[in-house]
Structure formats: C-alpha cells, structure tokens
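Read the structure below first, then the notes.
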Protein chains: 2
Amino acid sequence: MATPLSASAPADCRVLGLRERKKQRTRDALVDAAHSLFLSQGYGRTTVDEIAASVDVSQRTFFRYFANKEEVALAVMADAEEFFIDCLRARPAEENPLQAMRAAITEAWRTLGTARHTGPGSVTAALELFELIENTPTLLAAHLRHTTLQEAEVARVLAEREGLDPEVDLRPRLLAAVFGAVVRISHLSWSGDPKAHQAGPDGMIALIERHFDQLGPALAGSWR
Amino acid sequence: MATPLSASAPADCRVLGLRERKKQRTRDALVDAAHSLFLSQGYGRTTVDEIAASVDVSQRTFFRYFANKEEVALAVMADAEEFFIDCLRARPAEENPLQAMRAAITEAWRTLGTARHTGPGSVTAALELFELIENTPTLLAAHLRHTTLQEAEVARVLAEREGLDPEVDLRPRLLAAVFGAVVRISHLSWSGDPKAHQAGPDGMIALIERHFDQLGPALAGSWR
DNA sequence: TGCCGAATGTCAGTGGCTGACATAATCTTC
DNA sequence: GAAGATTATGTCAGCCACTGACATTCGGCA
C-alpha cells in the first residue's frame, strides 16, 4: 500500500483521474510548503494561513487535507512507518519475531535511502524532521501518540505471524512496544549526535543495531 | 519531594503562609473540578471557562496555574510519576537496575493505594483517569510526551546508581524506555479489562508483574 | 499603618479548528 | 457534447484555547 515516502509517486499517474492527481499534487505541495516553513521559521511561528497561502488554497482546504497542524508535519514520518509495517508483513515466516522486526526496519531504511536522495520527501529531509519533532513539544506528543497506534498494528501483524490472539498472549504487544522504545531511543541518540547525520540512513541503521545489541545487557540482572 | 498524589497535603498547613495555602487550595479545586467535569461530560466537551467558573476564578487565572488544558487533567498522573522516581531513588544500592525499577513501581502503587481510598486524588479516582486518557487523543499524546520526559530522569537516576555516564552507555536510557513501555502496555491491558478494576492497586501491580515476566519470553528467539 | 510584591481580574487580540452554505470543477451517462 | 450527479473548494461566521498588557486587590512585613 504505502509508497516510500509521501511525495508524488512517479508511476500510476496515468491511471488515476485528473481529480485524484490534482488532489495528490496540492497535498504534496502543502506538505512541502509546511516543511520548509517549519524548518526555517519554526513550527510555532508558522501559521496554517501561511502554509495555505503559499500553495494558494484557503485555510479551510488545508483542514480538509489534514486534521490539524501537526498532521502535515508528521505526514512523511507516518508514511515511513506504514512502509515499515509493509516490510514487516513481507518478511518470510521462518524468521522469528525479533529477527523479522530488525530485518524489516533495516530494509525500510535502506529502501527509503535509495529511493530519493534530495529534495522534499527525501531521506535527508526526513531526517531533518527528527530534530524539529524532538524540539517541538506539540509535535513530539503527536508523534508519540501516532507511534503507539502503529504499535498496535505491529502487534496484530506479529500475532498473526505466530498464530496467536493478541488479546490473550501478552508477547505481541510487549515486543511491539519494546521495539518502538528501542527505535525511539535510537532516533533520540541520532538527533543528539551530529556525526551520525553524515552517514545518512546507514548511520541510523547502525545506531539502531547498536541499541538492539544493548537490549539484552540492559535487561540483564547486573550491569557490572 | 513529591507527596503521594496531588491533593492538599494534610501536614505543613501551619508553616506555610496564608498566601501559599490559598494557592494550593485553588489549585486543588481546579484539578478536582476539572476531573469531575471531564469524567462526566468528556474532555472535549468541557471548556476551560467552565472549569474556572466552577471554582469562581477567571479563565486567565486558570492559565496561570496550568500551562494548558491537558496539564490540569494529567496533574495527578504527573505527581504519581514523580513519586515513583522518588521511590526509585530510595532503593538500596545492592539491587540491580531491573530489580530496583520493579520494586519501586510496586512500592509506589502500594503507597498510593494506602494513602487515600476515596475522594478526588484517591487511587480509584486516578485509575478512572486512565480510561479518559486512553480515549482522548490529545490527552494520550500529552501523557506520552510527559512520560518520555520522566524516562530521561529515570535514565539519569539509573546511571548514577551504577556510576555510568548516560551519554556514553546506552543501557540506562534503554532500560528506562523499555520499562516505560512495559508499564504503558500494562496500563492499556488494565483499562481494557473491567475485572482488573475491582482489585484496585493490587490488580494493577499484578498486571505489571505479569507483563514483566513475559518480557523475557517476548524477546526470546522463538515463541514456540 | 503603610508600603511592597504577588495573585487576580479585565480586556483585547491571535490562531487553530469547525459547521453551513454557495460555487466551481470533475466525472458520468446518455 | 450537454445535463445532471459528485466532489473539491471558497467564504463566512463562530467557538475555544491561549497570551500580553494593564489595573486592582490582597497577603506579608516593617
């Protein structure tokens, strides 16, 4: 379902009607305009009117595309998360849950990394978003909430892979939540470490791997 | 520092001046009024004006006590979380990190459970809040954000206990985040299970323990 | 008692967000 | 290709969360 990152899909432009294409274009334009405004002036000092005006649509139209101001900022992230879930679903059944999750997230990052290297909707642009989100309380809150919703979906996928009922067995939801926590801490480390930014997606993958490797030791009885 | 739950501290009323006591009273009144309004009408259908009016205070005053509408709803939770951190700090140094965390949270729940059984600010009232938070997107988002801030503090405490630098060693932040995830899933299970509500704090403790016990199995290679 | 500072009230204004209705653009069907 | 059904958009009015500025009142204290 989800294409790598939100911006206009190159294919299937012909099959969709004019109406759908137009909608996609204004949506993308809104996301791009919002991003550049947010990154240059900051989230709080950017009004919805500004965003709408810079795409020549009314404020009312903006709110027909996005439920609120946060959503336009998190749209790219949301697509990336959905893409991760698609990757997870596609993992072979032989892999155990933890293996599948780790494989899915590195695969997701690598795919997104090769898809587009520049411009709005690129990985580097998406990475800039992390800083913005982390430094904007409202955005961080909205992002965390969205993440927990995705975790519920991840838990469902895991339960299905293993033929379990997620209402009864605690492990799917537990693993999904722990996985989410590890990824989040990795993102946090990433945005606190300028060196990691150069490496692009690979740097992020390496960071996530390091954190996963420390998961066992962190939960071990003694840290000595 | 933190007293068990927010409502008026019984002691030290005499030492504080009239001014401070009055402030504490209006603050508590605002929290109580907000809670009963939120629980009866819902969060979204309650205006700040209503809350302020039912305590005979101007809207402007409300916003001098609470930065926003969410804060008044989460005030009790925030105090409880801070109390947990105090419990964690007080754990003996011999305990390993995971032991200390588990001990601290059961201790926190037990203390809060025995402190007050009825009325606003009681544990049962606090438990009702979980449902409200979980069913109110805005509140859930704000709560999750606040939780991650607390996790940073937890990570600092853990690092200090073990004489580590939380900037270098990944384990403190990792364990704090995983712990937060486990507690959150427990809260979620709790609010989805009416049976658990009867047992009060003990029911919650039992749920958290069960989830912790499943943490190892969830992270194990195979689930078969 | 009288002064200082802190808490509160009032007021005006900004900005996010929504419902209702009218208009204009696309899609459909003949 | 025109009529009519859908759907996207604009406009307008309004609610509500939140803020700055200024005036007023109240508690602390000499």
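So that the names make sense, note that chain A is the first sequence line, chain B the second, and so on, each numbered from 1.
Here the nucleotide nearest the side chain of R19(B), chosen from dA17(D), dG5(C), dC17(C), is dG5(C). Of all nucleotides listed (dA17(D), dC27(C), dG16(C)), dA17(D) comes nearest to the side chain of V48(B). For F63(A), the side-chain atoms get nearest to dC17(C) when compared with the rest of dT9(D), dA7(C), dC17(C). Closest to the side chain of T47(A), out of dA8(D), dG15(C), dC18(D), is dG15(C). Nearest nucleotide to the E70(A) side chain, out of dC17(C), dC26(D), dT19(D): dC17(C).
When all heavy atoms of R173(A) and S189(B) are compared, the pair lying nearest together is NH2-OG, 3.3 Å. Nearest heavy atom pair, residue V72(A) against residue V31(A), reads CG2-CA, 3.9 Å. Between E71(B) and F66(B), the closest heavy-atom pair is OE2-CA, 3.8 Å.
Residue K23(B) has a polar side-chain atom (N or O) positioned under 4.0 Å from OP1 or OP2 of dA7(C). OP1 or OP2 of dG10(D) lies within a sub-4.0 Å distance of a side-chain N or O belonging to T61(A). For Y65(B), no side-chain nitrogen or oxygen approaches OP1 or OP2 of dA7(C) to under 4.0 Å. The side chain of K22(A) contributes no N or O atom lying less than 4.0 Å from OP1 or OP2 of dA25(C).
Judged by distance alone, with hydrogens and angles left aside, R60(A) brings a side-chain donor or acceptor within reach of the base of dG19(C), the pair sitting under 3.5 Å. Counting atom types as modelled, R64(B) pairs a side-chain N or O with a base atom of dG9(C) as donor and acceptor under 3.5 Å.
Taking atom CZ on F38(B) and atom C1' on dA17(D), their separation rounds to 12 Å, with Å as the unit. Between the CZ atom of R21(B) and the C1' atom of dG28(D) there is a distance of 13 Å, rounded to whole Å. Between the P atom of dG13(C) and the CG atom of D49(A) lies a distance of 18 Å, rounded to the nearest Å. For L30(B) and dA7(C), the CG to P distance is 15 Å, given to the nearest whole Å. Rounded to whole angstrom, the span from the CG atom of D56(A) across to the P atom of dA24(C) amounts to 17 Å. One interatomic measurement links the two molecules: CD of Q59(B) to P of dG20(D), which rounds to 14 Å at whole-angstrom precision. The nearest whole Å value for the distance from the CD atom in E20(A) to the P atom in dT26(C) is 13 Å. In this structure, Y43(A) atom OH and dG15(C) atom P are separated by 14 Å, rounded to whole Å.
Looking at heavy-atom distances under 4.0 Å, F66(A) makes no contact with the nucleic acid at all. Base engagement by S58(A) is indicated by at least one non-hydrogen atom pair under 4.0 Å involving a base atom. At a threshold of 4.0 angstrom between heavy atoms, the contacts of T46(B) are confined to the sugar-phosphate backbone, with no base atom among them. In this structure, F62(A) reaches neither bases nor backbone, as no heavy-atom distance under 4.0 Å exists between it and the strands shown.
Residues I51(B) and F38(B) are in side-chain contact: their nearest non-hydrogen atoms beyond the backbone lie under 4.5 Å apart. Residues E50(B) and R45(B) form no side-chain contact, since every pair of their non-hydrogen atoms from C-beta on lies 4.5 Å or further apart.
A salt bridge links R156(A) with E153(A): at least one charged nitrogen is closer than 4.0 Å to a carboxylate oxygen.
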